[in-house]
Trainee: 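Structure below; questions to follow.
Proteins get letters first, then strands, A, B, ... in listed order; numbering begins at 1 in each. Atoms considered below: every heavy atom in the structure, side chains included; atoms not considered: hydrogens, waters and symmetry mates. The shown structure was predicted, so the numbers you read here are calculated from the model rather than taken from an experiment.
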Number of protein chains: 2
Amino acid sequence: MTRKQIPDIVVGRLPMYLRSLQRMKQDGRQITSSQELGERLGISAAQIRKDLSQFGEFGKQGTGYSIPYLIDQIQLILHVDHDWDIAVVGAGDIGSAIARYKGFNNRGFRVKLIFDADENKIGQQIGEYVVQDSHHMVEAIQQAGIKVAMITTPAAQAQGVADQLIKAGIRGILNYAPISINIPAGVYIQYIDPSIHLQRMTYYLE
Amino acid sequence: MTRKQIPDIVVGRLPMYLRSLQRMKQDGRQITSSQELGERLGISAAQIRKDLSQFGEFGKQGTGYSIPYLIDQIQLILHVDHDWDIAVVGAGDIGSAIARYKGFNNRGFRVKLIFDADENKIGQQIGEYVVQDSHHMVEAIQQAGIKVAMITTPAAQAQGVADQLIKAGIRGILNYAPISINIPAGVYIQYIDPSIHLQRMTYYLE
DNA sequence: TAGATTGTTAATCGATTAACAATC
DNA sequence: TAGATTGTTAATCGATTAACAATC
């Protein structure tokens, strides 16, 4: 018996719900409603209730949702109730910014290893990390049991790096290189490319 | 008479088509087909043809699409046939990485100004830019006629910065701060938050 | 109790795909 | 001409919304 099939578009909204709820909790809030959450996110209340109902019953009629409880539940659903170690490939400007980024706190991730192929970068200290030689990447990642990686190399190297990462057992890739990457079934990839986001807005501007 | 209403989800795919086509052109290619483009992007050929047909007829039966011609046309549609100046607010690790980023070349954007509120950062050189005092942000952006901005401040400052940017005439915002931002009609916003992307993948991992 | 809000169903709306005539 | 591929239509599929009984 497999896990109930949930549309990926629903899965994609859960992290946004979680982020908003965590911010409410930081603000000392205890209870929220689908309506309030929807207003914050620009999503209809009905959709939030429908999305959550795919995974269980987390609210109380007449009252709403307990913020801490719903946070816990969504963290369990998304498997971020514990931290995932991350390998970063590419110690350029983006890779360095990620290695120093504090924003993964409480989000379920922590950078563990950073790699580069450039002799001048290998051995350098970036934040609390020392840049490792990417030629030993596969073994190092296997050894550490890391399952999630970020690619911050130039586009030309990205597919090759992805192939190696998959060989090393990586199951999820966040790709900052501006190129589409082919991956086998069972591996997941997401893209971050600021130009893509910007172009989506300039369409609406003159 | 207004411009024909195109679904935003279609607009959102055009930048991906453009990026793939530009890469093909770099590789010296002249012609492609909806099938080839679809395979590269993991999208059906029918969808690509349908999307493009919303804007005109760009292909030739039996032959396919001229890569340079289709690039030109999509650039016109997305309004990236010329470069947009960008203001970056926040000169921390992410803002600095963006200021040094070479990836906006040929994508329709160039960083023009970078701001921070921190006295220790103001006046510092980052790449080819000098960090400006964000207290003078509104006038500087108005003066320069900049319409697109990126927010790379901490979450606590993001909404306030967005409000100021809009006052300064900014129409499109790419927000790296991990928080939802409220904007008035006629202003567009996109979000980049690596944790959100990562959580969308860990759902599928054990 | 009265008011509020959930979880869920059915209806609506929109997006994707399959198929094919047109034609290069 | 034969083969290939577009642009478009109609059918299918999936996502969103509206509405409301249940109930806290």
Trainee: Among A:Arg49, A:Gln47, A:Lys50, find the residue that satisfies the side-chain hydrogen bond (donor to acceptor under 3.5 Å, both in side chains) test when tested with A:Ser34.
Mentor: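 Running side-chain hydrogen bond (donor to acceptor under 3.5 Å, both in side chains) over A:Arg49, A:Gln47, A:Lys50 with A:Ser34 returns exactly one hit, A:Arg49.
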Trainee: Does any nucleotide pair with D:dA18 by Watson-Crick or G-U wobble geometry, both distances under 3.5 Å, and what is it?
Mentor: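 Pair assignment: D:dA18 / C:dT9.
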Trainee: By nearest heavy atom, map A:Gln47 and B:Gly59 onto DNA chain D; which one lands nearer the 5' end?
Mentor: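 Looking at DNA chain D, the more 5' nearest nucleotide goes with B:Gly59.
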Trainee: Taking OP1 and OP2 of D:dA4, is either one under 4.0 Å from a side-chain nitrogen or oxygen of B:Tyr65?
Mentor: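 B:Tyr65 to D:dA4 OP1/OP2: no side-chain N or O under 4.0 Å.
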Trainee: What integer distance in Å separates B:Tyr17:OH from D:dT6:C1'?
Mentor: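 Roughly 15 Å, once rounded to whole Å.
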Trainee: Please determine if B:Glu206 and A:Lys147 form a salt bridge, counting it only when a charged side-chain N lies under 4.0 Å from a carboxylate O.
Mentor: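 No, no charged N to carboxylate O under 4.0 Å.
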Trainee: In whole angstrom, what separates B:Ile9's CD1 from D:dC13's C1'?
Mentor: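 It works out to 14 Å between those atoms.
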Trainee: Expressed in angstrom and rounded to an integer, what is the separation of A:Gln35 atom CD from C:dT6 atom P?
Mentor: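 Rounding to the nearest Å, CD of A:Gln35 and P of C:dT6 are 8 Å apart.
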Trainee: Donor-acceptor check, side chain of A:Ser33 to backbone of A:Glu36, threshold 3.5 angstrom: yes or no?
Mentor: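 Yes.
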Trainee: Counting side-chain heavy atoms from CB outward, which of C:dT9, D:dA19, D:dG7 is closest to A:Lys50?
Mentor: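 In terms of side-chain proximity for A:Lys50, the closest of C:dT9, D:dA19, D:dG7 is C:dT9.
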Trainee: Taking only N and O in the side chain of B:Arg49, is any of them less than 4.0 Å away from OP1 or OP2 of D:dG7?
Mentor: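 Answer no for this pair, as no side-chain N or O of B:Arg49 is under 4.0 Å from OP1 or OP2.
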Trainee: B:Ile43 CD1 to C:dT17 C1': how many Å, rounded?
Mentor: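 That distance rounds to 14 Å.
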Trainee: For the pair made of CD in A:Gln61 and P in D:dT23, what is the distance, rounded to whole Å?
Mentor: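 After rounding, the reported distance stands at 7 Å.
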Trainee: Quick one: does A:Gln159's side chain have a donor or acceptor within less than 3.5 Å of a partner on A:Asn182's backbone?
Mentor: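 Between the backbone of A:Asn182 and the side chain of A:Gln159 there is a qualifying donor-acceptor contact (under 3.5 Å).
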Trainee: In Watson-Crick or G-U wobble terms, both distances under 3.5 Å, what is the partner of C:dC24?
Mentor: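 Checking every strand shown, C:dC24 finds its partner in D:dG3, with both distances under 3.5 Å.
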Trainee: Can you check the A:Ile67 CD1 to C:dT5 C1' distance for me, whole Å?
Mentor: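 After rounding, the reported distance stands at 15 Å.
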Trainee: What is the distance, rounded to the nearest whole Å, between atom CD of A:Glu36 and atom P of C:dT6?
Mentor: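 Going from A:Glu36 (CD) to C:dT6 (P), I get 11 Å.
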Trainee: Pick the closest DNA chain C nucleotide for B:Ser44 and for A:Thr63 by heavy atoms, then say which residue is nearer the 5' end.
Mentor: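 Taking each residue's closest nucleotide, the earlier one in sequence belongs to A:Thr63.
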Trainee: From C:dC24, D:dT17, C:dT5, pick the nucleotide closest to the side chain of A:Ala46?
Mentor: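 Out of C:dC24, D:dT17, C:dT5, the nucleotide with an atom closest to A:Ala46's side chain is D:dT17.
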Trainee: Of the non-hydrogen atoms in A:Thr202 and B:Leu78, which two are nearest, and what is the gap between them?
Mentor: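 In terms of heavy atoms, the two residues are closest at OG1-O, 2.8 Å.
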Trainee: Looking at C:dT6, I'd like to know if its phosphate oxygens (OP1 or OP2) sit under 4.0 Å from a side-chain N or O belonging to A:Ser34.
Mentor: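 Yes, because at least one side-chain N or O of A:Ser34 sits under 4.0 Å from OP1 or OP2 of C:dT6.
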Trainee: Given atom CD1 of B:Ile48 and atom C1' of D:dT8, what is their separation to the nearest angstrom?
Mentor: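 Between C1' of D:dT8 and CD1 of B:Ile48: 16 Å.
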